[in-house]
Amino acid sequence: MNILITGGAGFIGSHLAERLLENGDEVYVIDNLSTGSLKNIEHLIGHRHFHYAIDSVMNEKRMDALIAKCDQIYHLAAAVGVKLIMDRPLETIETNVKGTEVVLRLANKYKRKALLASTSEIYGNHVEHKLAEDDNRILGSVKKRRWAYACSKTLDEFLALAYYLEKKLPVVVARLFNTVGPRQTGQYGMVLPNFVQSALLGKPICVYGDGNQTRSFTYVGDVVDAMIGLMRCPEAEGDIFNIGSNEEISIKDLAEKVKKMSNSSSPIEFIPYEKAYGLGFEDMQRRSPDITKIQGAIGYNPRYSLDDIIETIITHFKG
Ligand code: UDP
């Protein structure tokens with residue numbers, strides 16, 4: 001099958017490209033290298049079933065030609081990373097909204113099946129329970145610019161479901177919960193690569209806020225398998241699925257765990273949010289998925305525990 005991955009030179013996209021090539025697919029990647037990097041796909045360049053274009057998904061002509069020849073589209077191209085979103089809100093909104101608009105319009109023109117990669121961020125600030133797909137969203141003030149990311153991705157989801165409803169476009173939405181693994185950089189704020197790199201270098205491990213906020217981390221290989229499973233599942237069309245893990249940990253405990261597993265002597269330091277992100281920031285105190293729905297749909301169960309994940313990332317950074 002011919003498959004297009006937007007954002008295919010990104011951290012998740014490059015792992016997906018690898019897996020699809022293993023499956024025998026013809027893989028086409030488009031990426032503007034804003035947060036992606038050629039380094040992520042350098043081992044795939046030269047593979048006879050791998051093709052890549054360095055361009056924006058907002059280049060309609062280019063996208064038209066690519067979508068015309070592909071059977072399926074994984075739409076991963078987006079502005080991601082809390083730090084990037086805080087620093088460049090305009091780019092975040094434009095890329096996420098306009099980019100998805102182009103992808104879905106052209107997918108509809110050729111009636112190509114699409115998977116939209118969305119995010120757990122859209123749930124906002126819940127604390128009481130694990131997040132299920134039909135939960136309400138609790139978002140902060142418009143003055144807190146972090147929420148621009150959640151709003152832009154929410155609009156993408158609405159658009160995808162509208163295409164399904166009104167145009168019968170086969171489309172599925174996947175909400176990813178803190179995907180981690182090799183090739184993810186700490187450059188845009190992601191916590192695990194930052195902690196592991198600091199621990200290995202003996203530099204302070206910087207916990208933002210009081211560290212009681214929790215997250216559930218999912219290994220990129222598990223996420224990629226889940227996305228492929230959803231794409232292959234006709235019953236998933238027109239619906240939304242969490243992709244995540246049941247293991248929840250506070251950021252403070254994560255710092256301790258990384259320090260221990262990497263035999264590091266780094267101190268753990270607590271940094272106020274304003275210092276880490278500047279003004280206009282609000283964190284999510286808890287983020288953990290209910291994965292019952294995807295388990296029922298495709299028999300998904302993450303294979304990597306948090307310890308496995310940290311081990312893999314330590315090995316990756318040790319080179
Ligand atoms: N965080 C941290 N130190 C870092 C980077 C992030 O303590 O160097 C915190 C961040 O404030 C958040 C959590 O770790 O509470 C996860 O951050 P990340 O940016 O990885 O993902 P998020 O879940 O916020 O999208």
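Bear in mind that the values here come from a model prediction, so they are computed numbers and not experimental data. Remember, it's 1-based here, ligands and their atoms both numbered in the order they're listed.
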Numbering the atoms of ligand 1 from 1, which are under 4.0 Å from a heavy atom of Met190?
19 (O), 20 (O)
Hey, is ligand 1 close enough to Cys206 that some N/O pair sits below 3.5 Å?
yes
Any atoms of ligand 1 less than 4.0 Å from a non-hydrogen atom of Tyr273? List them with their elements.
11 (O)
Restricting to heavy atoms, the pick from Met284, Glu121, Arg146 nearest atom 24 (O) of ligand 1 would be Arg146
Mark up the atoms of ligand 1 that fall under 4.0 Å of a heavy atom belonging to Asn194, in ascending order.
8 (O)
With respect to Glu121, which candidate in Arg287, Arg175, Arg137, Arg215 satisfies the salt bridge (charged side-chain N to carboxylate O under 4.0 Å, His left out) definition?
Arg287
In terms of atom number and element, which parts of ligand 1 are under 4.0 angstrom from non-hydrogen atoms of Asp283?
11 (O), 12 (C), 15 (O)
Going by atom types alone, do Asn125 and Glu282 pair a side-chain donor with an acceptor below 3.5 Å?
no
Test item: Pro289 and Ser216 side chains (from C-beta on) under 4.5 Å apart, heavy atoms:
yes
Asn242 (side chain) donor-acceptor with Gly244 (main chain) under 3.5 angstrom
no
Structural part of Val191 in contact with ligand 1, heavy atom criterion under 4.0 angstrom:
both
Donor-acceptor pair, distance only, cut-off 3.5 Å: does the side chain of Ser14 make one with the backbone of Phe11?
yes
Test the Arg105-Tyr163 pair against the cation-pi criterion, namely NZ or CZ under 6.0 angstrom from the six-membered ring centroid and within 45° of the ring axis.
no
Under 3.5 Å, is there a donor on one side chain and an acceptor on the other for Asn59 and Ser56?
no
If you measure every N or O of Gln213 against every N or O of ligand 1, does any of those distances drop under 3.5 Å?
yes
Within the 4.0 Å heavy-atom shell around Asn178, which atoms of ligand 1 are there?
21 (O), 22 (P), 23 (O)
Using a distance-only test with no angle check, is there a side-chain donor-acceptor pair under 3.5 angstrom linking Ser264 and Ser262?
no
protein heavy-atom neighbour closest to atom 10 (C) of ligand 1 works out as Tyr277 OH, 3.4 Å
Answer with yes or no after comparing the ring centroid distance for Tyr208 and Tyr273 against a 6.0 Å cut-off, counting only values under it.
no
Taking only heavy atoms of Val207 into account, list the atoms of ligand 1 that are under 4.0 Å away from them.
7 (O)
For atom 7 (O) of ligand 1, what is the nearest protein heavy atom, given as residue, atom name and distance?
Tyr208 N, 2.8 Å
Under a 3.5 Å distance rule, please check whether Asn108 uses its side chain to pair with a backbone N or O of Lys111 as donor and acceptor.
no
Return the residue, atom name and 0.1 Å-rounded distance of the protein heavy atom closest to atom 19 (O) of ligand 1.
Gly189 O, 3.4 Å
Please state which protein non-hydrogen atom is closest to atom 22 (P) of ligand 1 and give its distance, to 0.1 Å?
Arg287 NH1, 3.6 Å
Starting from atom 13 (C) of ligand 1, which protein heavy atom do you reach first, and at what distance in Å?
Ile251 CD1, 3.7 Å
Quick look: Lys83 vs ligand 1, heavy-atom contacts under 4.0 Å, and the answer is neither
